[in-house]
Amino acid sequence: MEANYLNDIKEIKSMMESRSRFLSLSGLSGILSGIYALIGAFVANYLATNANSIAYQDVKAGIITPVVIELLLVAMVVFICALATAYYFTTKKAKAKQHKVWTKATYRTLVSFAVPFIAGSLVTLILMFKGQFFNIAAFTLIFYGLALYSAGAYTYKDVQWLGVSEVVTGLLALIYPGYGLYFWAFGFGILHIVYGTIMYFKYDLKSE
């Protein structure tokens with residue numbers, strides 16, 4: 001009898017948690033997003049190394065040369081691929097667990113993420129229009145980290161730890177501005193792979 005009561009309590013707790021928190025995030029999407037970022041960093045490094053002008057000086061001076069445009073396009077492609085992958089695996093996981101994708105918890109998570117993320121996007125655009133490309137990598141990491149930390153209140157707490165790690169990485173990128181690409185690759189690449197792997201073994205395997 002006692003075992004049955006404990007099981008009932010666990011089921012009730014699980015149902016309440018699923019309604020109040022967004023639990024359809026997939027570890028695989030984090031891993032793949034990290035791989036996309038590392039590929040993007042490799043491509044960006046190749047483009048910068050083989051450009052007709054010195055990419056480092058172009059970025060520092062705020063000069064819009066072909067290589068600067070190419071680097072921005074690489075970052076956009078990585079972002080779009082990561083977003084599409086996250087949506088696909090999130091939807092797939094929700095259907096597998098017979099959960100609704102769009103719930104109040106989903107909207108709370110998205111709004112909490114969107115406010116810092118949109119603010120960071122606007123800061124990035126302002127820096128671009130002003131030709132201040134040098135610290136864009138740092139600010140994207142910082143605002144992305146703040147967005148993750150904010151959204152983590154309505155989903156897995158591991159997301160908040162990833163957010164803090166991204167903010168710290170962004171601050172280091174500000175201290176050492178000449179290594180922005182390397183910090184960008186570490187923050188969006190390595191950290192995402194580590195986070196995704198932890199999420200996969202901690203949550204995804206248990207739900208399969």
Side-chain angles (χ1 to χ4, degrees), residues 17 21-45 71-72 74-90 93 105-106 108-124 127 133-206:
E17 190 177 49
R21 299 173 64 198
F22 179 60
L23 302 179
S24 296
L25 291 175
S26 170
L28 287 176
S29 65
I31 295 172
L32 289 173
S33 295
I35 292 173
Y36 298 154
L38 290 179
I39 294 173
F42 176 81
V43 173
N45 184 65
L71 294 176
L72 292 174
V74 169
M76 289 178 61
V77 169
V78 170
F79 172 74
I80 292 171
C81 289
L83 188 64
T85 300
Y87 178 79
Y88 171 77
F89 279 102
T90 296
K93 184 176 179 180
T106 306
R108 290 193 193 103
T109 304
L110 287 176
V111 170
S112 298
F113 180 86
V115 173
F117 185 79
I118 291 173
S121 300
L122 292 175
V123 169
T124 302
L127 291 175
F133 302 106
F134 210 46
N135 289 320
I136 284 180
F139 280 111
T140 53
L141 285 165
I142 291 171
F143 279 99
Y144 177 64
L146 292 174
L148 289 175
Y149 186 83
S150 178
Y154 300 102
T155 182
Y156 298 110
K157 292 297 181 182
D158 306 74
V159 175
Q160 290 188 316
W161 286 110
L162 176 61
V164 171
S165 301
E166 297 287 358
V167 170
V168 172
T169 304
L171 292 174
L172 290 173
L174 277 178
I175 297 173
Y176 303 102
Y179 299 91
L181 179 60
Y182 299 102
F183 284 111
W184 192 89
F186 177 79
F188 289 110
I190 301 299
L191 287 181
H192 265 110
I193 293 174
V194 172
Y195 154 80
T197 302
I198 293 173
M199 290 283 288
Y200 180 75
F201 285 103
K202 192 175 181 179
Y203 302 109
D204 292 1
L205 283 182
K206 290 182 179 180

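Remember, it's a predicted structure, so these values are computed and weren't measured experimentally. Excluded from the calculations below are hydrogen atoms, water molecules and symmetry mates; all remaining heavy atoms, backbone and side chain alike, are included.
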Hey, what do you get for [atom1] ([X]) to [atom2] ([Y]), rounding to the nearest 0.5 Å?
X    : Y    : atom1 : atom2 : answer
S26  : I31  : OG    : CD1   : 8.0 Å
I136 : L72  : CD1   : CG    : 6.0 Å
L174 : N135 : CG    : CG    : 5.0 Å
T124 : F139 : OG1   : CZ    : 8.5 Å
L28  : T90  : CG    : OG1   : 10.5 Å

query: Taking it one step at a time, do L162 and V194 satisfy side chain to side chain contact (heavy atoms under 4.5 Å, CB included)?
result: CA-CA 9 Å; L162 176 61; V194 172; over 6 Å; no

Could you tell me whether a side-chain N or O of [X] sits under 3.5 Å from a main-chain N or O of [Y], the two making a donor and an acceptor?
X    : Y    : value
S29  : T85  : no
T140 : A137 : yes
T197 : I193 : yes

Minimum heavy-atom distance between [X] and [Y], given as atom pair plus value:
X    : Y    : result
T169 : F183 : CG2-O, 3.5 Å
P116 : S150 : CG-CB, 4.2 Å
M199 : Y156 : CE-CD1, 3.2 Å
S112 : Y154 : OG-CE1, 3.0 Å
I175 : P177 : O-CD, 3.2 Å
A151 : T109 : CB-O, 3.7 Å

query: Under the side chain to side chain contact (heavy atoms under 4.5 Å, CB included) criterion, do L32 and F89 qualify, and how do the steps go?
result: CA-CA 10 Å; L32 289 173; F89 279 102; 3.4 Å; yes

message: Before you tell me yes or no, could you show the steps for V167 and Y149 under side chain to side chain contact (heavy atoms under 4.5 Å, CB included), namely the whole-Å CA-CA distance, both residues' side-chain angles and the distance that decides it to 0.1 Å?
response: CA-CA 9 Å; V167 170; Y149 186 83; over 6 Å; no

- line: Partner of F79 under ring-ring contact (aromatic ring centres under 6.0 Å, His included), picked from Y36, W184, Y144, F117, is F117

message: Can you confirm whether C81 sits close enough to V77 that some side-chain heavy atom of one is under 4.5 Å from a side-chain heavy atom of the other?
response: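 A side-chain contact under 4.5 Å exists here.
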
query: Is there side-chain contact between V78 and I39, with heavy atoms separated by less than 4.5 Å?
result: no

query: Can you say whether the rings of F188 and H192 are parallel (under 30°), tilted (30 to 60°) or perpendicular (over 60°)?
result: parallel

query: What residue among I118, L148, L146 forms side-chain contact (heavy atoms from CB on, under 4.5 Å) with F113?
result: L148

task: May I have the step-by-step check of side chain to side chain contact (heavy atoms under 4.5 Å, CB included) for I198 and Y203, ending in yes or no?
output: CA-CA 8 Å; I198 293 173; Y203 302 109; over 6 Å; no

